[in-house]
Amino acid sequence: MQPRDQWTSNLGFVLAAAGSAVGLGNLWKFPYITYANDGGAFVLVYLLCILLVGMPIMMAEIMVGRKTQKSPVGAMKEAVGDAWGLVGGFGVLSGFLLLGFYTNVAGWTILYVVECLDWSTGGFDSAQAGGDAFVGMIQNGGLQVGLSALFMGATVWVVSNGVSGGIERAARILLPVLFGILLVLFFNSLRMDGAGEAWGFIFRPNFSELGRDGVLEALGHSFFTLSLGMGAMVTYGSYMARRDSVVKAAGWVVILDTVIAMLATIIMFSVIFSQPGLRESVGRSTAGMLFITLPELFYTIVPMGKVLAPLFYTLVGFAALTSTVSLLEVVVSYFIDERGVSRKKASLICGGSTFGLSILTGLSFGAVGGLSSFEIFHEEAGLFATLDHFVANWALPLGGFFLTVGVGWFMPKAVTRAELEDSGTPGFVYPVWLFFIRFVSPVAVGAIILAVILGEADFN
Ligand code: TRP
């Protein structure tokens with residue numbers, strides 16, 4: 001066996017893990033659920049969830065990976081106990097399912113980059129951009145499959161090049177580019193007419209507008225956006241050298257993810273609020289905000305929109321790519337570590353089978369009737385909505401719940417303390433973390449799961 005690959009430095013880990021965390025969750029999902037939940041109070045609760053639940057679980061996942069230097073199944077077995085390997089296995093399965101629908105939305109970004117280049121050079125045609133065009137695109141089965149194939153191909157290519165040579169290298173290039181594009185867009189957004197209203201919407205809390213479902217949705221999204229609950233951070237942590245600090249790394253990933261989500265949301269609302277009357281029309285398809293509402297605005301009201309639009313969708317595509325890479329890596333690393341398969345072969349086989357799933361998902365936006373209309377979960381019609389609902393509402397919270405219980409209650413304190421404390425860590429960190437991982441996180445996550453079981457919450 002070859003020695004296990006590692007990140008070249010702590011920065012390498014931070015960039016790769018931030019690349020995993022920053023994705024469609026930040027750029028597509030967070031803005032629309034913020035919109036759907038009326039801003040302010042929702043954003044505040046989300047930030048609290050990130051700090052109080054996300055951060056401790058992030059530390060726990062990275063710790064388990066770094067300690068064992070194994071992917072989730074082996075890592076949970078070694079760190080917590082044999083039966084806990086099941087939690088790892090469940091994570092691998094969730095990763096496969098999540099990738100099977102995430103790839104579809106990721107694929108749309110390719111089309112939008114191409115379209116925007118066309119509009120920027122040849123002139124904008126609003127008939128090709130509105131809601132009808134979007135529906136036409138997602139119902140075109142051949143197009144869906146082609147776009148997923150392209151995106152999955154790129155993902156497999158990165159993963160098959162390995163941890164330092166593929167994943168880290170991609171993140172080192174893509175993340176700074178992404179951040180740069182985002183800053184350009186951000187400074188641009190400050191000059192727009194809607195900027196003031198946007199900042200007020202996002203940062204002025206009004207608790208009368210936030211119901212219990214909104215609180216739970218904020219908690220669920222904090223898992224999704226930080227890539228927690230299925231072992232992605234265990235896997236990335238397992239490529240970390242023992243000398244690198246878990247606390248510092250987790251802190252950076254959480255900060256980068258949160259800052260980028262906030263920037264993206266400010267940009268999007270500044271654009272949307274600049275157009276009088278648009279606020280009402282967005283309400284009808286909040287999920288389509290990124291692909292229906294925004295394109296037209298880039299070409300009608302955004303200063304320099306012709307240049308910024310293709311850049312923006314490139315950014316979304318890059319963010320999605322570093323996330324699909326992390327999802328595929330969880331599955332691939334299982335086959336490498338536990339089944340002795342070579343990385344190239346594992347990447348091709350796992351990428352190929354996930355692509356198989358994403359073909360079915362791609363046909364579930366209307367192209368194939370049966371796939372698009374069946375309902376397992378109430379009002380979640382079709383394969384895409386079903387998978388999204390199952391992963392976000394069940395799989396990630398359940399995985400996160402068992403992880404906090406396992407790490408908090410079944411790993412010896414001496415071990416977790418030794419993993420988290422090093423010369424650079426202030427003394428209060430460990431006891432605070434222990435309190436959160438034992439009490440706060442399991443209770444909060446347990447509350448989501450209960451709410452879902454009781455049918456109270458639906459956070460899509
Ligand atoms: N965090 C990513 C996003 O916000 C999605 C993602 C990638 C993810 N890897 C994950 C979510 C692992 C949960 C678990 O788009």
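In listed order, ligands and their atoms are each counted from 1. These figures come from a predicted structure and were not determined experimentally.
Of all the atoms in ligand 1, the ones that sit under 4.0 Å from a non-hydrogen atom of S326 are 7 (C), 9 (N). Numbered from 1 in the order shown, with element, the atoms of ligand 1 that lie under 4.0 Å from a heavy atom of M230 read 12 (C), 14 (C). For ligand 1, the atoms closer than 4.0 angstrom to any heavy atom of L24 are 15 (O). Ligand-side atoms of ligand 1 in range of L396: 13 (C), range being under 4.0 angstrom from any heavy atom.
With hydrogens and angles disregarded, a donor-acceptor distance shorter than 3.5 Å links the side chain of S9 to the backbone of G12. Side-chain N or O atoms of E168 include one that pairs as donor or acceptor with a backbone N or O of T8 at under 3.5 Å. T354 places no side-chain N or O within 3.5 Å of a backbone atom of L99 that could act as its donor or acceptor partner. A donor-acceptor pair under 3.5 Å links the side-chain atoms of T404 to the main chain of F401, judged by distance alone. A distance-only check finds a donor-acceptor pair linking the side chain of S364 to the backbone of F384 [under 3.5 Å].
Heavy atoms of other residues, nucleotides or ligands lying less than 6.0 angstrom from CH2 of W157 number 12 at most.
The protein heavy-atom contact nearest to atom 15 (O) of ligand 1 is Y102 OH, 2.4 Å. The protein heavy-atom contact nearest to atom 2 (C) of ligand 1 is S20 O, 3.3 Å. Remark: minimum distance from atom 6 (C) of ligand 1 to any protein heavy atom is reached at S227 OG, 3.5 Å. Closest to atom 11 (C) of ligand 1 among all protein heavy atoms lies F224 O, 3.2 Å.
The shortest N/O to N/O separation between G25 and ligand 1 falls below 3.5 Å. Ligand 1 has an N or O atom lying under 3.5 Å from an N or O atom of A21, backbone or side chain.
The ring pair (Phe, Tyr, Trp, His ring centres under 6.0 Å) test with H221 is passed by exactly one of Y32, F30, W28: F30.
For V330, the closest heavy-atom approach to ligand 1 does not fall below 4.0 Å. Residue-ligand proximity: F30 is placed with every non-hydrogen atom at 4.0 Å or more from ligand 1. Contact between G229 and ligand 1 is absent, with no heavy atom of the residue lying under 4.0 Å from the ligand.
Under the 3.5 Å distance criterion, with hydrogens and angles disregarded, no donor-acceptor pair is assigned to the side chains of S160 and S347.
In this structure R204 satisfies the side chain to side chain contact (heavy atoms under 4.5 Å, CB included) test with no other residue, sequence neighbours excluded.
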